[in-house]
Amino acid sequence: MANAQPLLSVRGVSKAFLGVSALENVDFTLQAGEVHALLGENGAGKSTLIKIITGAYRRDEGEVLLEGTPIHPRDVVDAQKLGIGTVYQEVNLLTNLTVAENLFLGRQPKRFGLTDVREMNRRSKAILDTYGLDIDVTAPLANFSVAIQQVVAIARAVDISGKVLVLDEPTASLDAHEVEMLFAVVRQLRARGMGIIFISHFLDQVYEIADSITVLRNGRLIDTVPVAGLDRLKLVSMMLGRQLEADIKRTIDPNTAQSEPLVSLRGLGKRGNIDPLDLDIRQGEVVGIAGLLGSGRTETAQLVFGIERADSGTISVAGTPVNMSSPRKAIAQGFAFCPEDRKTDGIVGDLSVRENIIFALQAQRGWMRPLSRSEQEALADRYIAALDIRTSDREKPIKFLSGGNQQKVLLARWLATNPRFLILDEPTRGIDVGAHAEIIRLIIDLCERGMALLVISSELGELVGYSSRIIVLRDRKMVSELTGDEISTDHIMKAIASHDATGEAA
Amino acid sequence: MKNSKYLPLMATFVVFVLAYIICISVFPNMLSTRVAGNLLTDNAFLGITAVGMTFVILSGGIDLSVGSVIAFTGVFLSVILRDTSIHPLAAFAIVLVLTTAFGAAMGGIIFFLDMPPFIVTLAGMFLARGISYLLTTESVPITHPFYSTLQDIYFLMPGGGRLTLIAIIMLVVFAVGIVLAQRTRFGTYVYALGGNLTSAQLMGVPVAKTTIGIYALSGFLAGLSGIVFSLYTSAGYSLAAVGVELDAIAAVVIGGTLLTGGYGFVAGTFLGICIQGLIQTYIVFDGTLSSWWTKIVIGLLLFGFIALQRGLMWMSERSARNMRHASAAQPSSA
């Protein structure tokens with residue numbers, strides 16, 4: 001298949017945001033009649049690459065060739081006209097318009113200067129017939145399930161563009177039957193000779209539908225390989241990055257494993273987010289959560305902290321069941337949570353370092369008992385010194401600090417509330433090497449002082465380094481709990497790569 | 001489920017029919033083309049501007065400037081007809097160009113400066129009202145003979161009712177509005193903007209052109225409404241039409257258009273106008289009720305319709321959520 005001219009070819013593309021490189025010298029080749037999976041963890045550069053191909057971003061360097069001709073799409077609409085259509089996970093159609101209007105928006109057939117609704121409906125019906133979809137095209141799109149909306153979105157993209165179809169996590173909210181329906185459509189388009197870029201977190205699906213796989217990590221191309229005969233473990237290690245050095249592990253006090261758990265989860269779960277799981281976290285223990293993006297890691301943390309409400313199971317603190325229906329209640333129990341997306345869920349960019357630090361404590365005390373300015377300053381100074389937060393001034397707006405220092409401020413915010421149980425979601429993402437090491441040292445230090453911690457991280461080596469136990473999530477299920485000598489990057493990757501006996505592929 | 005789109009419209013229709021039945025059962029005389037003709041004439045200016053408001057609200061925006069623009073139009077016409085020898089038709093053309101450009105400018109500011117329509121059109125409201133004051137603070141009568149000619153044009157309906165020129169203009173505006181909303185690309189784009197701006201953009205809707213077009217249309221219709229209002233009152237007064245923007249919004253919402261945009265019909269707005277007109281007519285017939293009862297009943301109706309819309313949204317959100325949950329339960333291993 002390689003001797004023909006590739007349908008789409010990306011050569012040496014780089015892209016940086018504010019000096020931070022998001023994509024470095026990446027090559028990507030898509031053949032006609034191929035389903036090509038694009039894999040990588042958060043921040044790997046998948047979405048940046050897709051946005052460059054679909055015209056949402058301009059590349060800094062490199063070239064994109066469509067059927068051998070260099071293209072420079074100005075925007076998404078321009079890329080569509082060139083032949084590159086995209087369907088997103090959150091279906092980007094208009095649910096208040098009819099199916100037919102969605103298919104023909106912007107290119108409605110006209111008669112006497114007015115929209116020819118009858119002709120539009122007739123043609124819509126004909127288009128959807130080719131996908132085996134027999135629905136009322138005059139009904140609002142909102143009446144149909146997400147799967148059907150996806151197919152309508154694909155039909156629109158194919159009808160307008162017709163060469164390259166980008167499917168950005170199209171199956172994330174579909175059930176098994178709907179995924180089959182979608183894949184039937186994808187196979188049909190492949191047979192028609194379209195090139196399809198498929199992005200998904202579900203490895204089983206990648207094995208089922210894709211012909212080849214390109215893996216990105218940290219903005220770099222790792223490899224492009226055919227799916228046939230590809231070992232799952234090898235794929236996972238490509239995605240996560242194999243640690244070459246031997247795992248460095250913290251020595252764990254055997255006594256902690258015997259003590260009473262501080263936090264116990266029993267059958268805690270929420271449909272569509274995470275299947276029910278049991279977990280105990282003791283004082284002086286770091287429990288790590290490993291898994292690929294979309295495996296239910298963050299969802300678990302959100303259930304424990306009361307951001308999402310569980311629909312099954314219980315949470316007990318020190319043996320007493322508690323009602324964890326809101327973050328306020330979690331904080332009242334001495335819980336703390338540093339979220340994954342620091343910028344949108346954590347810091348308040350325009351407020352100063354001091355104000356960001358005192359937030360949680362002030363919220364806990366209530367507005368009736370404000371911290372005095374001198375108390376605030378003392379608190380801020382103490383944590384700036386204790387965590388070595390590099391800022392010229394405690395009154396500096398936090399948005400001017402580096403990622404690592406912002407993360408430390410968030411930690412300081414929660415440490416100021418003197419928590420018993422600290423949840424960290426990707427505490428070391430996007431921060432420099434020096435701050436990285438300091439945050440890991442801090443995690444170990446807090447743990448040794450008797451705090452209970454739950455840490456989510458994609459950095460397996462790091463997780464192995466400080467965790468007393470590690471649970472592995474896959475496809476929104478807990479699949480393994482590793483303790484003692486089982487804790488190693490190898491075991492984690494095997495657990496992630498393992499798949500149910502019912503899975504088809506591989 | 002398919003009918004959920006039409007449910008608010010049907011609710012409006014039911015309310016209208018019920019209101020009419022109540023009116024007729026109390027005052028049988030209200031069942032006549034005379035009453036109908038008067039109702040249309042009295043509400044012609046409101047109906048015309050409400051059509052513009054329907055487009056604005058369908059797109060997810062709001063236009064608070066229309067009342068002031070109506071007053072400005074009236075003052076401008078009365079002053080120009082008093083002080084110059086320009087023919088009224090030419091004056092109409094000038095004022096329509098002015099108000100359309102005014103609306104287009106507000107649309108441009110809303111889009112290019114990414115400002116909330118509420119604030120931009122609030123500024124427009126003060127601006128238009130202020131300019132009317134600058135022109136004159138008095139009520140200026142319009143005595144041009146052409147005005148009398150226009151005011152005397154009517155179509156005699158069976159039963160003796162008069163369908164005046166301004167009522168006919170309103171009906172034509174509604175008819176054109178319905179076609180524009182349902183059968184043109186512009187109309188679909190308006191619904192698209194109200195449905196989801198990001199999606200609309202990704203699907204290639206010309207957002208800038210459509211936004212400017214919507215507010216220009218609203219400005220044009222406010223100008224036309226001002227012309228009709230000046231024909232109706234034979235005067236221009238800078239304090240006229242205060243709060244008409246709110247009456248227009250009320251008519252649109254009672255007509256079943258969702259205030260958040262994306263759902264609704266121009267025909268619904270016509271029913272909304274008729275309901276408001278019916279209440280006023282009832283109060284006139286009764287003779288003892290304070291005219292403020294109009295506002296009270298409209299207030300209650302508004303509450304009712306907002307509750308109905310909220311309920312419908314809540315129901316559809318819930319069914320969507322259930323659908324997602326049911327489907328997300330087993331995301332893997334086909």
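Quick note on labels: first sequence line is chain A, next is B, and so on, each numbered from 1. Quick note: numbers below take in every heavy atom, side chains included, and nothing from hydrogens, waters or symmetry partners. Please read these numbers as outputs of a predicted model, since none were measured by experiment.
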Query raised in the report: Counting heavy-atom pairs under 4.5 Å to chain A, which of B:Gly261, B:Pro206, B:Gly195 comes out on top?
Result: B:Gly195
**Report entry** Heavy-atom check, side chain of A:Asn96 versus side chain of B:Tyr191, under 4.5 Å
**Finding:** yes
Below 4.5 Å from any heavy atom of chain B, which atoms of [X] appear? Answer side chain, backbone, both or neither.
| X | answer |
| --- | --- |
| A:Asp75 | neither |
| A:Lys110 | side chain |
| A:Glu101 | side chain |
| A:Ser200 | neither |

Query raised in the report: Looking at A:Val76, A:Val77, A:Leu97, A:Leu105, which one forms a side chain to side chain contact (heavy atoms under 4.5 Å, CB included) with B:Met203?
Result: A:Leu105
Query raised in the report: Does atom CZ of A:Arg118 have more than 12 heavy-atom neighbours from other groups under 6.0 Å away?
Result: no
Query - CZ/B:Phe13: more than 12 non-hydrogen atoms of other groups inside 6.0 Å - result: no
Requested in this report: Sequence neighbours left out, what passes ring pair (Phe, Tyr, Trp, His ring centres under 6.0 Å) with A:Tyr57? Give chain and number order.
Outcome: A:Phe17
Report task. With rounding to the nearest 0.5 Å, note down the distance linking OG1 in A:Thr95 to OH in B:Tyr263. Result ->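 Rounded to the nearest 0.5 Å, the OG1-OH separation comes out at 4.5 Å.
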Query raised in the report: At what distance, to the nearest 0.5 angstrom, does OG1 of A:Thr86 lie from CG of B:Leu202?
Result: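 A:Thr86 atom OG1 to B:Leu202 atom CG measures 8.5 Å (nearest 0.5 Å).
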Report task. Write down the atom of A:Val117, the atom of B:Arg183, and the distance for their closest heavy-atom approach. Result ->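 That would be CG2-NE, 3.4 Å.
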